[in-house]
Amino acid sequence: MLERLTRNITSASLFLAVYFLLNIALRIALPHTLDLDEAEQSFYSQYLLAGYGPQPPFYNWIQYAIVSVTGITMWALSVPKNIILFGCYLFYGLAAREVLKNRLLAPIAMLSLITLPQVGLMAQRELTHTVALLFATSLFLFGFFRTLRQPTLGSYLVIGIATGIGLISKYNFAILPFAAFIAVLPDWKWRSRLLDWRLLPAIAIAILIVLPHALWLPDNLASASGPTLERMTAEHEAAAGLPRIGQGLLSLVIAVLGFVALPIVIIAAAFRRDFFRALASTSPMIRVIERMMIVSLIAFAGVVVFAGASDIHERWLDPCLLVLLIYLFLKLEAAGFDLSAGLARFRLVVPVFMVVILAILLLRIVAIQYIGTYTRTNVPFSGYAAELTATRKPVLIVAGTKFVAGNMKLEFPDVPVVIPFFPGSGVPEYATAKGPVLVIWRGETADDPTISPSFASDLERSGIHLQELNTLTLPYLFSNGKKSFSIGYSWVEGGAK
């Protein structure tokens with residue numbers, strides 16, 4: 001059965017489609033409290049902007065377009081994400097088919113993406129912008145390998161489209177086309193691809209895709225780069241000079257090992273001695289991919305040395321190392337071994353991973369009282385909404401964070417939800433609000449809903465004067481009443497005084 005499902009890209013894609021439908025069904029069935037990235041998308045879906053802050057806007061644009069048609073629902077948040085993830089797997093399989101002669105290996109390479117924690121689990125659990133990055137990376141690899149093997153105007157345009165999408169999905173995507181350019185230079189056979197006239201329309205389409213955000217970026221560079229730079233240096237901000245560089249390089253090594261360890265162990269276990277003997281095999285395509293990965297990692301080392309980064313996260317390596325699985329299967333193919341036994345063993349891994357991932361996504365929420373670490377997705381926002389609006393309905397909601405704002409937007413799809421000074425100044429909607437306005441926030445901890453000084457200051461500057469500070473405490477979802485979460489809120493009348 002599994003052999004038939006993984007015989008070619010088409011059958012493997014249908015197998016994956018069923019898996020992603022199960023992911024959608026599971027997310028719809030679980031409580032509709034949103035995690036950070038989901039809440040951000042829910043909140044941002046009210047606006048069409050050239051930039052939204054520290055993350056490029058591609059995923060936000062997609063979400064805005066869908067919500068504009070369907071309204072904000074859990075379906076509108078879950079379905080697009082799973083379609084984009086499915087596209088990541090599909091184009092990865094097509095990229096593998098461009099370089100692997102053994103047609104049985106391409107669908108296996110596509111399915112093997114599920115063994116990468118950043119793709120299989122983390123992308124499903126909470127990420128959004130990284131999901132778009134993964135899609136753009138797979139699309140780029142498909143266009144890149146197709147151009148090396150059999151260049152056409154279409155293959156160059158795929159590279160241009162992927163580059164444009166990638167650059168407005170995550171800024172670190174820029175490393176991938178740079179690394180691909182450098183990787184091709186030493187090979188005389190493929191160097192001519194860089195001088196082909198068809199590269200010009202590819203560059204043009206990439207520029208057109210990036211242009212709206214690129215025009216926004218110079219005037220908003222601080223808000224676009226500041227939070228990321230803080231995350232890169234926050235863990236070791238006391239260090240300086242060589243100690244800081246050492247910490248950063250060690251962080252990079254740990255991130256690389258965390259990214260590659262699990263799939264390498266699983267493929268090694270499936271193919272056994274053949275895997276280790278195949279590590280010495282090589283080919284022109286293998287050498288190109290090796291150079292791509294090496295150049296990418298050198299670029300990250302440069303970020304550590306020259307930009308002061310001391311805390312590299314695994315997901316930042318997605319555009320650099322996603323090609324790893326194709327690389328490993330190329331090694332196995334180039335060795336010339338009979339891979340049928342290894343493929344049979346590896347096929348069994350895929351459904352096991354699917355079941356485990358679905359179980360983790362379920363149990364991390366419904367079995368939280370036994371796990372002990374309560375997550376944001378267990379915060380009872382539906383309960384808050386019911387309690388707060390039992391006697392009156394808001395015409396406007398002013399929230400303290402995107403996490404709160406996005407969840408309240410999902411609970412009240414027809415009510416504007418705003419954050420002071422986003423996207424403009426103050427809260428313009430408050431000046432024209434005719435009726436009760438709900439101001440709501442969360443504190444630093446689950447037990448302390450104290451309003452933050454910065455949020456209180458923003459409210460005052462916006463003309464919102466809180467008369468009474470209230471607290472609402474409800475138990476976490478699925479906590480069996482063992483632990484509660486508190487929010488702060490206040491009702492005020494709309495209209496600036």
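Values in this document were obtained by computation on a predicted structure and should not be read as measured data.
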Notebook entry, point to check: Which residue, I165, L167, I161, forms the side-chain contact (heavy atoms from CB on, under 4.5 Å) with T163?
Noted result: L167
Check: Which heavy-atom pair separates F300 from I175 by the least distance, and what is that distance?
Finding: CE1-CD1, 3.5 Å
Item checked: Over all atoms of both residues, closest heavy-atom pair of I209 and W61 -> O-CZ3, 4.4 Å
Next item on the list: Would you check if L116 and L262 make a side-chain contact, meaning some heavy-atom pair closer than 4.5 Å?
Entry: no
Check: Within the side chain of R193, is there an N or O that forms a donor-acceptor pair under 3.5 Å with the backbone of T147?
Finding: yes
Next item on the list: Report, as yes or no, whether the 6.0 Å neighbourhood of atom OH on Y47 holds more than 12 heavy atoms from other residues, nucleotides or ligands.
Entry: yes
Margin query: Quick check against the 3.5 Å criterion: does E333 have a side-chain atom that pairs as donor or acceptor with the backbone of N102?
Written below: yes
Notebook entry, point to check: What pair of heavy atoms forms the shortest contact from T115 to P263, and how long is it?
Noted result: OG1-CB, 3.4 Å
Note to self: So, applying side chain to side chain donor-acceptor pair (under 3.5 Å) with H129, which one of K170, R315, E40, Q55 is it?
What the structure shows: E40
Item checked: Backbone N/O of Y44 and side chain of K409: donor-acceptor pair under 3.5 Å -> no
Margin query: Would you say that Y384 contacts V379 through its side chain, given a criterion of any heavy-atom pair below 4.5 Å between the two side chains?
Written below: yes
Note to self: If the threshold is 4.0 Å, N to carboxylate O, is there a salt bridge linking R376 and E38?
What the structure shows: no
Check: Going from OH on Y171 to CG on L133, what distance comes out if it is rounded to the nearest 0.5 angstrom?
Finding: 13.0 Å
Item checked: Evaluation steps, side-chain hydrogen bond (donor to acceptor under 3.5 Å, both in side chains), between T445 and D447 -> CA-CA 5 Å; T445 67; D447 302 319; 5.2 Å; no
Item checked: N480: side-chain hydrogen bond (donor to acceptor under 3.5 Å, both in side chains) partners, not counting sequence neighbours -> none
Notebook entry, point to check: Would you find a donor on one side and an acceptor on the other, under 3.5 Å apart, between the side chain of N407 and the backbone of T33?
Noted result: no
Margin query: Once rounded to the nearest 0.5 Å, what's the spacing between atom CG of L199 and atom CG of L194?
Written below: 7.0 Å
Margin query: I need the I368 CD1 to L477 CG distance, nearest 0.5 Å.
Written below: 10.5 Å
Checklist line | Heavy-atom side-chain proximity of V260 to L317 below 4.5 angstrom | finding: no
Note to self: Strictly distance-based, threshold 3.5 Å: is any side-chain N or O of Q118 a donor or acceptor partner for the main-chain N or O of F259?
What the structure shows: no
Checklist line | side chain to side chain contact (heavy atoms under 4.5 Å, CB included) between Y19 and I114, intermediate numbers included | finding: CA-CA 11 Å; Y19 169 67; I114 202 168; 4.0 Å; yes
Margin query: Are the side chains of F91 and F135 in contact, using a 4.5 Å heavy-atom criterion?
Written below: yes
Item checked: Atom pair CG (L148) and CG (D187), whose distance is rounded to the nearest 0.5 Å -> 8.5 Å
Check: Do Y92 side-chain atoms and L322 backbone N/O form a donor-acceptor pair below 3.5 Å?
Finding: yes
Next item on the list: Kindly indicate, with the supporting measurements, whether the criterion side chain to side chain contact (heavy atoms under 4.5 Å, CB included) is fulfilled by F181 and V295.
Entry: CA-CA 10 Å; F181 179 87; V295 170; over 6 Å; no
Item checked: Donor-acceptor contact below 3.5 Å, side chain E314 vs main chain L257 -> no
Check: salt bridge (charged side-chain N to carboxylate O under 4.0 Å, His left out): which pairs involve residues 84-104, sequence neighbours left out?
Finding: E98-R146, E98-R149
Next item on the list: Report yes or no: does S281 contribute a side-chain atom to a donor-acceptor pair with the main-chain N or O of K331 at less than 3.5 Å?
Entry: yes
Item checked: Shortest non-hydrogen separation from P380 to P475 and the atoms involved -> CG-O, 3.4 Å
Notebook entry, point to check: Measuring from S138:OG to I84:CD1, what's the distance to the nearest 0.5 Å?
Noted result: 12.5 Å
Notebook entry, point to check: Quick one: are Y374 and Q369 in side-chain contact, heavy atoms under 4.5 Å?
Noted result: yes
Check: Taking it one step at a time, do Y59 and Q41 satisfy side chain to side chain contact (heavy atoms under 4.5 Å, CB included)?
Finding: CA-CA 8 Å; Y59 198 100; Q41 293 304 319; 3.4 Å; yes
Note to self: For V304 versus I245, what's the shortest heavy-atom pair and its separation?
What the structure shows: CG1-O, 3.7 Å
Check: With a 4.5 Å limit on heavy-atom distance, are the side chains of I9 and L90 in contact?
Finding: yes
Note to self: For the CG atom of L363 and the CZ atom of F478, what is their distance to the nearest 0.5 Å?
What the structure shows: 11.0 Å
Next item on the list: Grab the two heavy atoms, one from M110 and one from Y89, that are nearest each other, plus how far apart they are.
Entry: CG-O, 2.9 Å
Margin query: With side chain to side chain contact (heavy atoms under 4.5 Å, CB included) as the criterion, how do L361 and I357 come out once you've worked through the C-alpha distance, each side chain's angles and the decisive distance to 0.1 Å?
Written below: CA-CA 6 Å; L361 295 174; I357 289 170; 4.1 Å; yes
Margin query: Do F15 and M354 have side chains that approach each other closer than 4.5 Å (heavy atoms only, starting at C-beta)?
Written below: yes
Check: Do the side chain of S251 and the main chain of Q247 share a donor and acceptor less than 3.5 angstrom apart?
Finding: no
Notebook entry, point to check: Just by modelled atom types, is the T128 backbone N or O under 3.5 Å from a matching donor or acceptor in the D37 side chain?
Noted result: yes
Check: With side chains defined as the heavy atoms from C-beta onward, is the minimum distance between T137 and D318 less than 4.5 Å?
Finding: no
